[in-house]
Undergrad: 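Pasting a structure below so you can have a look.
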Amino acid sequence: MAEEERLVKQVSPKSEDFSKWYLEIIRKTEMADYAPMKGMMVIRPYGYAVWESIQRLLDRRLKAAGHVNAYFPLFIPESFLQKEMAHVEGFAPEVAWVTQGGREELEERLAVRPTSEAIIGSMFAKWIKSYRDLPVLINQWANIVRWEKVTRPFLRTTEFLWQEGHTAHATEEEARKETLDILNIYREFIETELAIPTVAGRKTDWDKFAGALQTYSLEALMSDGKALQMGTSHHLGQNFSNVFGIRFEDQNQALQHVWQTSWGVSTRLIGAVVMVHGDDSGLRFPPAVAPVQVVIIPISMGDWKNTVLPVARRIKEDLLGAGIRVTLDDREEFTPGWKFSDWEMRGVPLRLEVGPRDVKEGKAVAVKRDERRKASIPMDSLPETVNRLLDEIQAGLLRQARAFLADNTRVTDDYEEFKRLVESRRGFLLSPWCGARECEEKVKQETAAGIRILPLDEDPMPEGRCLACGRKSVSRAVFARAY
RNA sequence: CGGGGAGUGGCGCAGCCUGGUCAGCGCGCCUGCCUUGGGAGCAGGAGGUCGUCGGUUCAAAUCCGACCUCCCCGACCA
């Protein structure tokens with residue numbers, strides 16, 4: 001973007017240094033700030049509002065699918081965590097421990113939950129006795145702690161907020177269906193509300209959740225061409241029900257272990273919204289999750305307080321009445337031009353300018369954040385018009401994100417071309433793969449792009465030869481550099 | 001966790017090599033006037049134990065050590 005077109009000059013251009021842009025934008029828009037402890041951040045009101053929207057919109061969907069919310073303890077006794085070997089080994093490097101309570105050393109140390117399969121499994125064992133108790137469909141909104149070595153606001157922090165679903169079923173088939181149903185709920189939610197298209201797939205065995213039979217995930221492409229995992233859903237099989245003794249008596253009076261699933265999305269989604277939709281001028285929020293959907297800026301000229309301001313206030317009331325998240329920026333210490341730039345940086349989808357001319361004509365100037373084009377709209381029937389414009393913006397952002405994903409997803413079975421593509425444009429690369437871990441390792445070593453997922457949708461290259469070794473491929477894989 | 005870089009008013013930085021009127025600049029902030037349709041102007045003003053702790057020295061933002069935090073690259077990562 002040419003310098004004179006960069007109306008918001010407070011932020012580094014995204015195209016120049018993506019990482020710097022990301023960190024800068026998050027702090028300048030007051031979404032989050034660093035806390036004094038390594039890897040921890042404060043989610044400020046402007047960022048937390050996005051999380052609240054995510055919670056509201058996803059919670060609605062989970063409940064519609066029969067799930068209910070509950071809350072389990074933050075601490076997990078070490079012995080509980082250790083019951084499932086793959087689980088404890090998978091999480092060992094990143095568990096924080098409590099060893100002291102008050103002045104006394106604890107007899108058994110307590111893990112600060114890195115995830116809640118263990119504690120919830122132990123409770124399921126108490127609650128489930130009969131097939132009539134099934135299925136159990138529980139969700140929890142909670143904070144968790146993972147002692148990560150490399151952290152980044154929203155994308156990976158030591159403590160973060162998420163939603164974790166835990167279900168128990170009578171049959172494997174039911175659990176498998178639940179795992180995939182949830183993946184679809186996530187995909188629809190992320191696409192509809194966050195305006196981010198994703199690719200669904202299965203994780204490789206060495207990349208799956210510690211303690212799961214299979215892990216599925218959704219991958220999205222950030223605008224710097226790197227992949228980000230947006231959510232995961234695990235088919236846990238009977239691994240946890242075996243060790244925690246979660247048994248029920250079936251219709252034939254036989255004792256059986258339940259089949260379980262677990263799944264989650266986190267505050268990382270907020271980082272994805274920033275990285276997918278943001279531009280050189282700052283954030284661009286999809287209206288569905290925007291902290292502020294509409295900002296009204298009165299043009300302060302002449303006798304504006306008596307002429308313009310009352311009209312601006314009435315517009316605000318009208319929009320509030322229509323359930324729109326609206327702010328009236330009537331601060332006197334800033335010029336209109338300054339406010340335009342400021343709210344653009346903050347990603348507000350729609351701006352309404354109201355000046356003396358507009359008041360006279362019974363109109364307002366509407367400017368969509370995604371296109372930044374001005375249009376005069378009549379003041380009567382504003383709520384309807386605004387809602388329509390917000391819908392257009394929501395759809396426009398999704399359209400752009402889809403186009404970007406399509407442009408940056410390429411199919412190749414030629415390793416040399418693969419290397420060139422990864423180097424020049426990154427993105428998703430769909431390539432045939434033989435199933436061997438060594439082959440992924442080789443590709444990852446040489447290109448920094450690993451296998452994100454094995455996509456669930458149809459394989460356009462079923463008869464391929466492995467990218468790395470040339471043997472017959474078992475599947476196509478989505479390769480990408482990732483966060 | 002390994003390699004590299006950085007920490008100086010709210011933000012962005014200069015000063016450090018060569019210790020001593022170096023506590024400095026831009027933006028922001030406060031007061032007043034004047035302005036306001038794309039980050040206005042003028043005048044005046046406030047604000048910093050130079051990341052923390054320790055050491056060297058007559059004297060430390062500056063030299064040395066440890067620690068904390070951030071950034072980049074790599075390893076690791078439901």
Side-chain angles (χ1 to χ4, degrees), chain A residues 4-12 17-24 27-28 30 33-41 84 86-95 113-118 144-153 155-158 160 162 164 203 206-212 214-217 229 231-234 236 262-266 268 281-282 297-305 308 329-345 351-359 363-365 367 372 374 376 441 444-445 448 450 481-483:
Chain A
E4 58 270 22
E5 286 170 17
R6 283 192 59 231
L7 298 174
V8 176
K9 302 191 177 68
Q10 292 295 307
V11 294
S12 307
D17 185 340
F18 190 83
S19 178
K20 188 177 174 195
W21 169 86
Y22 176 78
L23 296 166
E24 217 171 271
R27 294 216 289 160
K28 285 200 164 141
E30 299 175 318
D33 200 359
Y34 292 112
M37 307 81 77
K38 182 175 166 55
M40 307 230 175
M41 68 164 177
E84 218 290 328
H87 190 55
V88 67
E89 275 167 30
F91 280 103
E94 48 191 56
V95 172
R113 64 179 164 220
T115 179
S116 302
E117 277 75 7
I144 61 172
V145 167
R146 294 181 188 175
W147 221 258
E148 301 283 356
K149 287 167 184 166
V150 178
T151 58
R152 231 176 230 277
L155 303 182
R156 177 171 283 108
T157 48
T158 302
F160 60 95
W162 78 344
E164 51 178 321
K203 292 284 208 183
W206 48 92
D207 203 20
K208 70 187 182 190
F209 176 69
Q214 279 108 35
T215 288
Y216 298 88
S217 84
Q229 183 174 297
T232 50
S233 185
H234 315 293
L236 300 177
S262 68
W263 25 274
V265 300
S266 71
R268 170 182 276 188
S281 297
I297 298 183
I299 305 303
S300 37
M301 291 180 77
D303 193 25
W304 72 282
K305 279 191 203 167
V308 172
D329 189 352
D330 57 2
R331 292 176 293 179
E332 291 180 45
E333 62 269 33
F334 296 109
T335 62
W338 190 92
K339 292 175 185 174
F340 296 166
S341 303
D342 191 52
W343 288 107
E344 272 170 22
M345 180 179 76
R351 174 172 81 238
L352 291 179
E353 304 174 9
V354 185
R357 284 205 301 271
D358 307 305
V359 170
K363 292 182 169 176
V365 174
V367 185
R372 212 191 254 123
K374 299 196 178 193
S376 207
E441 283 302 323
K444 199 171 173 184
Q445 282 291 319
R481 290 185 183 171
Y483 277 99

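Labels below follow one simple rule: chain letters A, B, ... track the order of the sequence lines, proteins then strands, and each chain is numbered from 1.
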Undergrad: Please state how far atom CG in A/Asp342 lies from atom C1' in B/rC27, giving the value in whole angstrom units.
TA: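 Taking CG of A/Asp342 and C1' of B/rC27, I get 14 Å after rounding.
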Undergrad: What nucleic acid atoms does A/Trp162 come within less than 4.0 Å of, heavy atoms only: base, sugar-phosphate, or nothing?
TA: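 Base, at least one base heavy atom under 4.0 Å.
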Undergrad: Would you mind classifying the nucleic acid contact of A/Arg351 as base, sugar-phosphate or nothing, using non-hydrogen atoms under 4.0 angstrom?
TA: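 Contact class for A/Arg351: base.
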Undergrad: Using purine N1 to pyrimidine N3 plus N6-O4 or O6-N4 for Watson-Crick, or N1-O2 and O6-N3 for G-U wobble, each under 3.5 Å, what pairs with B/rC58?
TA: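 By the stated definition (distances under 3.5 Å), B/rG20 pairs with B/rC58.
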Undergrad: RNA chain B: A/Ala210 or A/Trp338, which has the more 5' nearest nucleotide?
TA: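 Final value for this comparison: A/Trp338.
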Undergrad: Any heavy-atom pair between the side chains of A/Lys339 and A/Arg351 that's under 4.5 Å?
TA: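 Not in contact.
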Undergrad: Looking only at atom P, what distance separates B/rA66 and B/rU21, rounded to whole Å?
TA: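 Here B/rA66 and B/rU21 have their P atoms 29 Å from each other.
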Undergrad: Kindly indicate whether the side chain of A/Arg156 and the base of B/rC77 share any N or O donor-acceptor pair separated by less than 3.5 Å?
TA: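 Flag set: donor-acceptor pair detected.
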Undergrad: Rounded off to whole Å, could you give me the CD-to-P distance for the A/Glu332 and B/rU31 pair?
TA: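 Answer to the nearest Å: 12 Å.
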Undergrad: Could you give the CZ-to-P distance, from A/Phe334 to B/rA40, as a whole number of Å?
TA: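 Those two atoms, CZ and P, are 10 Å apart.
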Undergrad: Distance check needed: B/rG39 P versus A/Arg372 CZ, whole Å only.
TA: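 It works out to 13 Å between those atoms.
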Undergrad: Considering every strand and a 4.0 Å limit on heavy-atom distances, what is the contact class for A/Glu117: base, sugar-phosphate, or nothing?
TA: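 If one applies the 4.0 Å heavy-atom cut-off, A/Glu117 turns out to touch nothing in the nucleic acid.
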Undergrad: Starting at atom NZ of A/Lys374, determine the distance to atom P of B/rG37, rounded to an integer number of angstrom.
TA: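 Atom-to-atom, A/Lys374 to B/rG37, this comes out as 10 Å.
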Undergrad: Sticking with atom P, work out how far B/rG48 lies from B/rC16, rounded to a whole angstrom.
TA: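 Taking atom P in both B/rG48 and B/rC16, they lie 24 Å apart.
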Undergrad: Any strand counts, and the cut-off is 3.5 Å on both contacts for Watson-Crick or G-U wobble. Which nucleotide pairs with B/rC50?
TA: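 Pair assignment: B/rC50 / none.
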Undergrad: List the atom of A/Val308, the atom of A/Gly355, and the distance in Å for their closest heavy-atom pair.
TA: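 Taking A/Val308 first and A/Gly355 second, the nearest heavy atoms are CG2-C, 3.7 Å.
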Undergrad: Looking at every strand, decide which applies to A/Leu23 at a 4.0 Å heavy-atom threshold: base, sugar-phosphate, or nothing.
TA: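 Touches sugar-phosphate only.
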Undergrad: Could you please name the partner base of B/rC42, counting Watson-Crick and G-U wobble pairs only when both distances are under 3.5 Å?
TA: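 Looking at the geometry, B/rC42 pairs with B/rG32.
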Undergrad: Both A/Asp207 and A/Val150 contact RNA chain B. Which one's nearest nucleotide lies toward the 5' end?
TA: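 The residue closer to the strand's 5' end, by nearest nucleotide, is A/Val150.
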Undergrad: Using purine N1 to pyrimidine N3 plus N6-O4 or O6-N4 for Watson-Crick, or N1-O2 and O6-N3 for G-U wobble, both under 3.5 Å, which nucleotide pairs with B/rC25?
TA: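 Pair assignment: B/rC25 / B/rG12.
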Undergrad: Could you give the CH2-to-P distance, from A/Trp304 to B/rG37, as a whole number of Å?
TA: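 To the nearest whole Å, that distance equals 13 Å.
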Undergrad: Classify the nucleic acid contact of A/Gly90 as base, sugar-phosphate or nothing, counting any heavy atom under 4.0 Å across all strands shown.
TA: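 Here A/Gly90 touches no strand at all.
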Undergrad: Nearest to the side chain of A/Tyr34, which nucleotide is it out of B/rC11, B/rC70, B/rG38?
TA: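 Given the options B/rC11, B/rC70, B/rG38, the side chain of A/Tyr34 is closest to B/rC70.
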Undergrad: Quote, to the nearest angstrom, the P distance that separates B/rA60 from B/rG51.
TA: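 About 15 Å, rounded to a whole number of Å.
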Undergrad: Using a cut-off of 6.0 Å, state whether more than 12 heavy atoms not belonging to A/Trp147 lie near its atom CH2.
TA: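 Atom CH2 in A/Trp147 is not packed in, count stays at 12 or less.
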Undergrad: Rounded to whole angstrom units, what separation is found between the CD atom of A/Glu30 and the P atom of B/rG28?
TA: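 These atoms are roughly 16 Å apart.
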Undergrad: For the aromatic rings, using the six-membered ring if either is Trp, is the centroid distance between A/His87 and A/Phe209 under 6.0 Å?
TA: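 For A/His87 and A/Phe209, the ring centres are under 6.0 Å apart.
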Undergrad: Roughly how far, to the nearest 0.5 Å, is the CD atom of A/Gln229 from the OG atom of A/Ser266?
TA: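 Separation between the atoms: 9.0 Å.
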Undergrad: Are the side chains of A/Phe160 and A/Arg146 in touch, meaning some heavy atoms are under 4.5 Å apart?
TA: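 Yes - at least one pair of side-chain heavy atoms lies under 4.5 Å apart.
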